[in-house]
Amino acid sequence: MKRKAGIFLLIALIAALLAGCSRRKDEAPPHKALIFGATYMTRNNPYFNVLGQGIEEVVEANGDILLTRDPLQDQKKQNEQIEELIDEGISMLFLNPVDWEEVRPALLACKKAGVAVINVDTVVKDRDLVISVIETDNYQAGQLCALDMMKRRKSADIVILDNPIQMSITYRAQGFTDAIAGNPNYRVVYRHAAAGEIEVSSKVMEEFLNQNIGFDVVLGGNDPTALGALAALQQARKEDGVLIYGIDGSPDFKAILDMGYVTGTSAQSPKAIGRVAAETAYRYLNGEPVDPYISLSSTLITKDNLAEYEIDGWQ
């Protein structure tokens, strides 16, 4: 009797072990966290912090890791940081280049290492070295500013503060100038690079004001550029009657718009860009087809429709 009981106990133990093995085989293996890299031309502009949050939220929701670098508008430094990220074992890079051409060595390094690149916010020249580009329709953003200006002014002398090494700003300026092309009532009297930053833009505008050239419209390549121009104009007490346009829809610009010191901004949604970029990265890693170019539309915000938007937040 004892022997039979022992046999039954042994059978039960074996059955339990087999059942346990079966369950372990059916269970998904533990998730090994992927490492993603991200680098933005600068973190001095809050826009890129919000864009980064959009990427980070998706990556962390998938149990993965995001390593972020800030090259401070230095392309050589950005290239070095990308090499470091490759050494740290990233599977994918989210890239916002400082210089659309000079980033090429980093793109080639990624290709050699088998690291796929998602290009965000401003396009690189070597599009064949990236999986997908995700950005706002920058050409449309510039057009919207020009069309609004033409509704407000029958003629204008225009200052454009751009940044030729950043194609997002270049396309915005192109959209603006194409909208006024062929109309002699609208003249660009000055155009200069302003690095997309308040401090640089303010200095550029200050130097322009010393030339005593007449103007009544300013297009900033982004909101910080437009606000830098406003600062210089206010310092010189020459802001009255000048229409000032930015592009971003940033909380800072909308607050100044609410006070009546600027005219309008073509809004972007940096968080949406980041989220779409991250979702595109995961589709690619899962072997799914991805669009090589994704463009998000822009909307002009002026005093007339400002109430439809959250002033102290992004769209």
Trainee: Mind checking whether Asp162 and Thr170 have side chains closer than 4.5 Å, heavy atoms only?
Mentor: no
Trainee: Within a radius of less than 6.0 Å around CD of Gln235, do more than 12 heavy atoms belonging to other residues, nucleotides or ligands occur?
Mentor: no
Trainee: Taking the side chain as every heavy atom from C-beta outward, state whether Thr177 and Arg191 have any pair of such atoms under 4.5 Å apart.
Mentor: yes
Trainee: Quick one about Tyr40 and Asp121 (side-chain donor to acceptor, distance below 3.5 Å, no hydrogens or angles considered), yes or no?
Mentor: no
Trainee: Report yes if some heavy atom in the side chain of Thr122 is under 4.5 Å from a heavy atom in the side chain of Trp100; otherwise report no.
Mentor: no
Trainee: Shortest non-hydrogen contact from Val218 to Val242?
Mentor: CG2-CG1, 4.0 Å
Trainee: Under 4.5 Å between any side-chain heavy atoms of Asn49 and Arg43, yes or no?
Mentor: yes
Trainee: What is the minimum heavy-atom distance between Ala141 and Ser298, and which atoms define it?
Mentor: CB-OG, 3.8 Å
Trainee: Tell me, please, which residues at least two apart from Tyr293 pass ring pair (Phe, Tyr, Trp, His ring centres under 6.0 Å).
Mentor: none
Trainee: Taking the six-membered ring for Trp and the single ring otherwise, decide whether the centroids of Tyr282 and Phe36 are under 6.0 Å apart.
Mentor: yes
Trainee: Under 4.5 Å between any side-chain heavy atoms of Pro292 and Val133, yes or no?
Mentor: no
Trainee: Taking atom types as modelled, find out whether Gln78 and Thr39 have a side-chain donor-acceptor pair closer than 3.5 angstrom.
Mentor: yes
Trainee: Can you list the residues that meet the ring pair (Phe, Tyr, Trp, His ring centres under 6.0 Å) rule with Phe215, with sequence neighbours excluded?
Mentor: Phe208
